[in-house]
Asker: 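Once you've had a glance at the structure underneath, I'll fire off some questions.
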Number of protein chains: 2
Amino acid sequence: MSFDLDRFLPYRLSVAAARLSRRFAALYEAEAGLSTPEWRVLAHLAHSGAVSVRDITARVHLDKSMVSRAASRLQEAGLVRKSGNAADRRLVALELTPAGRALMARLGRIAEAFQADLLAELGPEAEALDRALAKIDQRENRD
Amino acid sequence: MSFDLDRFLPYRLSVAAARLSRRFAALYEAEAGLSTPEWRVLAHLAHSGAVSVRDITARVHLDKSMVSRAASRLQEAGLVRKSGNAADRRLVALELTPAGRALMARLGRIAEAFQADLLAELGPEAEALDRALAKIDQRENRD
DNA sequence: GCGGTGTCATTGCAGTTGCAACGATTATGT
DNA sequence: ACATAATCGTTGCAACTGCAATGACACCGC
């Protein structure tokens, strides 16, 4: 009876995150047929104008190959525009099309509702969870 | 500028969990060459005697195919024993071998140290994180 | 200017994952 | 008692992931 997995934080965090993500993924899958990498790229683009693959990779915790492929799929779907950067031609400039913006408006509302629901459920712990995640993030980033 | 992914809890939880898990995974990979499913199965077996694949599947948030394969690999490595159940011959009885118990003793200490470190870093938020995860777990389980 | 080094995005590839199908066994209803 | 349905663990398979290699381009020192 030495080690109890159910009291091990990294494990519990993983499980909670996986379940929550899966439940939310069902929503954007139903609404727009998006995969998780696609959702993340789209969501990030909604918040920050035209941006390179590398910028997204750095912020969204996704391998650059995944960002690249997600961006291609989003382009095929007409949600994202990929254009070259004039100043540095290695870079790609990603940005939402009007259709992409329209979709993100809908998805944004869905996400907000999902989050509001979650926050209500968490109640007073929500603030602390926020701070704890910030600390973990900060810790994992110093390398 | 409506939706900010960096303020979206499911996303932040995912990222934090992924980073933490990866850092810890490096430890048991180095110590014993285990994959994540293998680690989870082993850790669960350490805490609960002889048990079927289904039991682990239910508790450890892993598909039964993964539990099955992980158990097979652990058996090949001599860490786990797989025997049939007399009462219900569909079931398999999984339990640690002495070598498995010895390994888990070492890994348990490593895990405790990892967790202690994390808790120290989190400070007062640790309690609240614990409660928040419990609530999420509870919510995701009612279906 | 030019060679070497570094960075960017894409692609190939092997390993892993999740789902569905399967054979074996047990439970259920009548 | 028997047929049907449900459950268990394994396996096949397609999709996804992460890493490494590649090719295009930019920066740096000289």
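Here is the naming used below: chain letters follow the sequence lines, and residue numbers restart at 1 for every chain.
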Asker: Could you check how far CG of B:Leu91 sits from C1' of D:dC8, rounded to whole Å?
Answerer: 6 Å
Asker: Nearest whole Å is fine: how far is C:dT16 C1' from B:Leu34 CG?
Answerer: 16 Å
Asker: Look at the side chain of A:Ser65 and decide which nucleotide, out of D:dG18, C:dC19, C:dA9, has an atom nearest to it.
Answerer: D:dG18
Asker: Ignoring hydrogens and angles, are the base of C:dT25 and the side chain of B:Arg89 linked by a donor-acceptor pair under 3.5 Å?
Answerer: no
Asker: Closer to the 5' end of DNA chain D via nearest nucleotide, is it A:Thr36 or A:Ala86?
Answerer: A:Thr36
Asker: Kindly indicate, with the supporting measurements, whether the criterion side-chain contact (heavy atoms from CB on, under 4.5 Å) is fulfilled by A:Trp39 and B:Leu5.
Answerer: CA-CA 10 Å; A:Trp39 149 255; B:Leu5 188 58; 4.2 Å; yes
Asker: Examine distances only and state if a side-chain atom of A:Ser52 and a backbone atom of A:Ala93 form a donor-acceptor pair shorter than 3.5 Å.
Answerer: no
Asker: Expressed in angstrom and rounded to an integer, what is the separation of B:Gln75 atom CD from D:dG9 atom C1'?
Answerer: 13 Å
Asker: Any base atoms under 4.0 Å from B:Ser35, or only sugar-phosphate, or nothing? Heavy atoms, all strands.
Answerer: nothing
Asker: Could you tell me how far apart A:Leu62 (CG) and D:dC16 (C1') are, to the nearest whole angstrom?
Answerer: 12 Å
Asker: From the set D:dT17, D:dT10, C:dA9, return the single nucleotide nearest to any side-chain atom of A:Met66.
Answerer: D:dT17
Asker: Would you mind reading off the distance between B:Asp63 atom CG and D:dA15 atom P, rounded to a whole angstrom?
Answerer: 17 Å
Asker: Angle between the two end axes of the helix from C:dG1-D:dC30 to C:dT30-D:dA1, five base pairs per end, rounded to 10 degrees?
Answerer: 30°
Asker: I'd like to know if the side chain of B:Asp117 and the backbone of B:Phe114 have a donor-acceptor N/O pair within less than 3.5 Å.
Answerer: no
Asker: Using only atom types and a distance under 3.5 Å, with no angle test, would you say the side chain of B:Gln115 pairs donor to acceptor with the backbone of A:Arg7?
Answerer: yes
Asker: Atom NZ of A:Lys64 and atom P of D:dC19: how far apart are they, to the nearest Å?
Answerer: 11 Å
Asker: Establish whether the base of D:dC8 is bridged to the side chain of B:Ser52 by a donor-acceptor pair shorter than 3.5 Å.
Answerer: no
Asker: Rounding to an integer number of Å, can you tell me how far B:Glu29 CD sits from D:dC19 C1'?
Answerer: 15 Å
Asker: Nearest of C:dG18, D:dG9, D:dC25 to any side-chain atom of B:Val92?
Answerer: D:dG9
Asker: To the side chain of A:Arg90, which of C:dA24, D:dA24, C:dC19 is closest?
Answerer: D:dA24
Asker: Where each residue is assigned the nucleotide of DNA chain C containing its nearest heavy atom, which of A:Asp88 and A:Arg69 is assigned the position nearer the 5′ end?
Answerer: A:Asp88
Asker: Do A:Leu129 and B:Leu13 pass the side-chain contact (heavy atoms from CB on, under 4.5 Å) test, and can you show the C-alpha distance, the side-chain angles, and the key distance before you say yes or no?
Answerer: CA-CA 9 Å; A:Leu129 176 59; B:Leu13 215 63; 4.2 Å; yes
Asker: Can you tell me how far C1' of C:dT11 sits from CZ of A:Arg73, to the nearest Å?
Answerer: 14 Å
Asker: What about the rings of A:Phe8 and A:Phe3, do their centers lie closer together than 6.0 Å?
Answerer: yes
Asker: Could you list the residues that satisfy side-chain hydrogen bond (donor to acceptor under 3.5 Å, both in side chains) with A:Glu95, not counting sequence neighbours?
Answerer: A:Arg81
